[in-house]
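Since the structure is predicted, the reported quantities are computational estimates derived from the model, not experimental observations. The basis for the numbers below is simple: all heavy atoms, side chains too, and nothing from hydrogens, waters or symmetry mates.
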Amino acid sequence: MGVLTVEIDSKTERILSELTADGRSTADVIREAIHIAGRLRWMEQARADAERLANDPDDLAEIRAIQRELGDADAW
């Protein structure tokens, strides 16, 4: 397990103090923040991928071809 040393500004120090007021350790709060940042990055990448695919002409043509082949979706 690695060790991380970070300089924080007064605003970050105040927020960290609020987040540890319930008894959680600084290390636990920072680990949780890193996990949240990782999930946010993953979600942003997924959003960007979905937007790219939604605007991809080849992909849209394939979707239309499948829809024509399957017929009316309301019939299902």
Side-chain angles (χ1 to χ4, degrees):
M1 181 162 49
V3 175
L4 176 66
T5 302
V6 179
E7 268 188 57
I8 58 175
D9 58 25
S10 59
K11 179 181 177 183
T12 305
E13 191 169 5
R14 179 180 46 75
I15 294 168
L16 182 59
S17 180
E18 292 170 6
L19 292 170
T20 56
D22 63 358
R24 289 188 301 163
S25 71
T26 298
D28 286 342
V29 168
I30 292 171
R31 276 192 291 271
E32 180 183 14
I34 291 170
H35 288 253
I36 290 169
R39 283 193 300 273
L40 288 173
R41 175 176 274 190
W42 179 87
M43 290 179 354
E44 175 56 27
Q45 183 62 53
R47 187 207 57 76
D49 290 345
E51 185 175 309
R52 179 181 48 77
L53 289 172
N55 295 310
D56 180 88
D58 293 334
D59 198 46
L60 293 172
E62 182 68 20
I63 290 169
R64 283 191 294 277
I66 291 169
Q67 288 172 334
R68 279 191 304 272
E69 187 174 321
L70 293 177
D72 187 5
D74 291 336
W76 296 96

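In this structure, the separation between CZ on Arg31 and OG1 on Thr26 is 10.5 Å, given to the nearest 0.5 Å. One distance of note links CG of Asp59 with CD1 of Ile63; it measures 4.5 Å at 0.5 Å rounding.
Counting heavy-atom neighbours within 6.0 Å of Glu18 CD, excluding the residue itself, gives a total above 12.
Nearest heavy atom pair, residue Thr20 against residue Val29, reads CG2-CG2, 3.8 Å.
The shortest side-chain heavy-atom distance between Ile66 and Glu62 falls under the 4.5 Å cut-off.
For Ile8, the side chain to side chain contact (heavy atoms under 4.5 Å, CB included) partners at least two apart in sequence or on another chain are Val6, Thr12, Glu13, Leu16. With sequence neighbours left out, Ser25 forms a side chain to side chain contact (heavy atoms under 4.5 Å, CB included) with Ala27, Asp28.
Between the Asp56 side chain and the Arg52 main chain, no donor and acceptor come within less than 3.5 Å of each other.
In this structure, Leu60 is not a member of the same hydrophobic cluster as Leu70, with clusters built from ILVMFWY side-chain heavy atoms closer than 4.5 Å. Cluster annotation: Ile36 and Ile34 are assigned to distinct hydrophobic clusters (Ile/Leu/Val/Met/Phe/Trp/Tyr, side-chain heavy-atom contacts under 4.5 Å, transitive).
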Carefully, step by step, assess Gln45 and Asp49 under the rule side chain to side chain donor-acceptor pair (under 3.5 Å).
CA-CA 6 Å; Gln45 183 62 53; Asp49 290 345; 2.8 Å; yes
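Ionic pairing of Glu44 and Arg47 is present here: one or more N-O contacts between side-chain nitrogen and carboxylate oxygen are shorter than 4.0 angstrom. Between Asp9 and Lys11 there is no salt bridge, since none of the side-chain N atoms of the basic residue sits less than 4.0 Å from a carboxylate O of the acidic one.
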